[in-house]
Amino acid sequence: MVRLLRPLLRGTTYTRLLHLWVPVLPVSVWLFIDPWHPWVPALLLVPLGLVPAVRLGEGVQARLLLTPGEAEPGISEAPSATWRDRLRTVLWLGLRMVLGAATVAAMVWLLITGFELARCAWGNAPSGIPLLGRLPPHRAWALLAPLPLLALYGVVVGLGELVTAGARRLLGPGAAERLAALEERTEQLLERTRIARELHDSIGHALTVAVVQAGAARAAGDPGFTDRALDAIEETGRAALADLERVLGILREAERPASARPTLADAGRLLESARASGARVDAEVTGPVEAVPGPVSREGYRILQEALTNVLRHAGAVRVRVRITVAGGTLALEVRNPLPGPVAGAGRGSGLRGIRERAALLGGAARTGPDEDDWQVRAELPLG
């Protein structure tokens with residue numbers, strides 16, 4: 001019994017009731033103006049629903065009144081982007097008006113019915129309401145008087161659930177919004193994975209070196225060794241601080257929506273930054289880079305950024321050849337620079353591993369390692 005009456009204690013029940021009442025208010029005003037044509041307001045639903053901003057307003061109102069406090073209510077807060085969204089908005093406005101009218105009619109009829117049953121129980125004759133006009137006054141009607149109130153409770157709760165389900169169905173995100181949300185989620189997961197990997201590898205490595213060097217200097221008791229250990233700790237700390245600043249930059253950028261993050265169309269600033277650091281960058285761009293899909297273009301930018309960072313970190317101010325090619329449904333990125341010296345292992349760094357992971361997540365492939373006398377980073381990403 002307590003569970004059955006629990007909706008009476010929830011504020012959502014009453015905000016949903018308010019949501020159902022709202023569309024009836026303008027209709028009530030119109031009935032005062034022209035009671036002979038009550039169907040006129042319904043004609044306005046079609047042109048009103050075709051306005052893109054109406055979907056935004058309905059979504060905001062539905063989230064506030066139908067699903068207050070829910071983090072993921074499944075209701076969109078965006079204007080209509082397609083004709084399908086506009087038609088769904090028209091259907092939603094019609095459904096909302098029908099359910100609102102049904103709610104008001106049911107409330108009025110059930111409340112009056114309960115009141116008339118109570119009057120009959122007190123010995124008064126009914127006021128002529130259909131189905132009750134012939135009831136003889138009798139105290140037994142007091143047993144039936146609560147039934148309209150229970151029915152009213154069921155109507156309010158049931159129609160509230162029904163209008164909420166309709167809002168999720170008709171005001172839910174469209175295909176374009178779901179794709180954008182999925183793209184945003186993918187971006188976040190990629191960045192979180194990269195941040196966790198870089199923090200673990202870079203900062204963990206720096207702290208390990210500092211601890212080992214400090215312990216060795218203390219045990220050696222040699223001023224010369226201590227100086228060299230302090231130099232190593234200082235150098236490692238500076239490198240770790242630079243890496244930390246770079247990772248924090250990624251975190252700050254992660255607050256931006258995916259569509260606002262840099263793409264290959266912004267690759268020029270990466271190249272200029274590398275040139276300002278002393279590298280001699282020779283860049284060649286072939287194909288319509290601006291037409292590359294957003295997720296592929298953003299990951300391509302990150303791959304190019306990581307490749308240039310590795311060149312500056314490990315090779316310094318050397319000549320770098322950058323090739324960006326869009327052709328045959330594929331984006332090809334290639335960064336080559338002269339090898340700075342003997343290579344102990346091909347592509348073992350976390351940044352290079354991240355390049356390969358980014359390419360794999362998009363269904364492509366990346367190769368990092370020596371190629372003749374150069375170090376090569378080459379990635380191929382499908383555009384589909």
Heavy-atom closest pair, residues A62 and L171
CB-CD1, 4.1 Å
Between D282 and V320, does a side-chain contact (heavy atoms from CB on, under 4.5 Å) hold up when you go through it step by step?
CA-CA 6 Å; D282 174 20; V320 185; over 6 Å; no
Intermediate values then yes/no, side-chain contact (heavy atoms from CB on, under 4.5 Å), E284 and I324
CA-CA 6 Å; E284 179 181 333; I324 303 174; over 6 Å; no
What's the spacing between W375 CH2 and N337 CG if we round to 0.5 Å?
9.0 Å
Where do D373 and L339 land on the side-chain contact (heavy atoms from CB on, under 4.5 Å) test, with the steps shown first?
CA-CA 6 Å; D373 295 331; L339 284 171; 5.8 Å; no
Quick check: does any side chain N or O of S297 sit under 3.5 Å from a backbone N or O of L264, one acting as donor and the other as acceptor?
yes
Can you sort out the partners of R336 under side-chain contact (heavy atoms from CB on, under 4.5 Å), two or more places apart, ordered by chain and number?
R321, E334, D371, D374, Q376
Shortest non-hydrogen pair, L117 vs P148, comes out as CD1-CG, 4.0 Å
Rounded to the nearest 0.5 Å, what's the gap from CZ on R16 to OG1 on T103? Could you check?
12.5 Å
Spacing of CZ belonging to R358 relative to CD belonging to E306, to within rounding of 0.5 Å:
8.0 Å
Does E380 come within less than 4.0 Å of R367, counting only side-chain N to carboxylate O?
no
Would you say L95 ends up clustered with L48 if hydrophobic residues are merged whenever their side chains have heavy atoms under 4.5 Å apart, either directly or through other cluster members?
yes
May I have the step-by-step check of side-chain contact (heavy atoms from CB on, under 4.5 Å) for T286 and V326, ending in yes or no?
CA-CA 6 Å; T286 305; V326 180; over 6 Å; no
Atom of V22, atom of P26 and distance for their closest heavy-atom approach:
O-CD, 3.1 Å
For R275, I'd like to know if atom CZ has over 12 heavy atoms of other residues, nucleotides or ligands within 6.0 Å.
yes
If I compare all heavy atoms of P382 with all of V296, which pair ends up nearest, and what's the gap?
O-CG2, 3.6 Å
Is a side-chain N or O of R88 found less than 3.5 angstrom from the main chain of G172, in a donor-acceptor match?
yes
Do R269 and E272 meet the salt-bridge criterion of a basic N to acidic O distance under 4.0 Å?
no
Just by modelled atom types, is the H19 backbone N or O under 3.5 Å from a matching donor or acceptor in the R96 side chain?
yes
Note, I75 side chain near T67 side chain (heavy atom, < 4.5 Å):
yes
Given the rule that I, L, V, M, F, W and Y join up when any side-chain heavy atoms are under 4.5 Å apart, are V98 and W109 in one cluster?
no
Interatomic distance, D222 atom CG to D227 atom CG [nearest 0.5 angstrom]
9.0 Å
Ion pair present between E70 and R168, side-chain N to carboxylate O less than 4.0 angstrom?
yes
Side-chain heavy-atom pair V377, L333 within 4.5 angstrom cut-off
no
Less than 4.5 Å apart, any side-chain heavy atom of I303 and any of L381?
yes
Could you tell me whether the side chain of L383 reaches within less than 4.5 Å of the side chain of T330, counting heavy atoms only?
no
If only side-chain N and O atoms count, and only distance matters, is there a donor-acceptor pair under 3.5 Å linking S76 with R55?
no
Flag yes if V155 and W21 sit in one hydrophobic cluster, no otherwise; membership is Ile, Leu, Val, Met, Phe, Trp, Tyr, and two members link when side-chain heavy atoms are under 4.5 Å apart.
yes
Is it possible for you to say whether L149 and V108 belong to one hydrophobic cluster, with membership spreading through side-chain heavy-atom contacts below 4.5 Å?
yes
Does CZ belonging to R10 count more than 12 external heavy atoms closer than 6.0 Å?
yes
Verify same cluster id: V51, L93 (apolar side-chain graph, 4.5 Å):
yes
Taking all non-hydrogen atoms of both residues, which atom of L66 and which atom of A167 are closest, and how far apart?
CD1-CB, 3.7 Å
For the OG1 atom of T12 and the CG atom of L65, what is their distance to the nearest 0.5 Å?
10.0 Å
How many angstroms lie between atom OG1 of T89 and atom CZ of R84, to the nearest 0.5 angstrom?
11.5 Å
Starting from L50, walk the hydrophobic network (Ile, Leu, Val, Met, Phe, Trp, Tyr; side-chain heavy atoms closer than 4.5 Å) and list everyone else you reach, by chain and number.
V46, W83, V90
Evaluate the side-chain proximity of T15 to L64: yes if any heavy-atom separation is below 4.5 Å, no if none is.
no
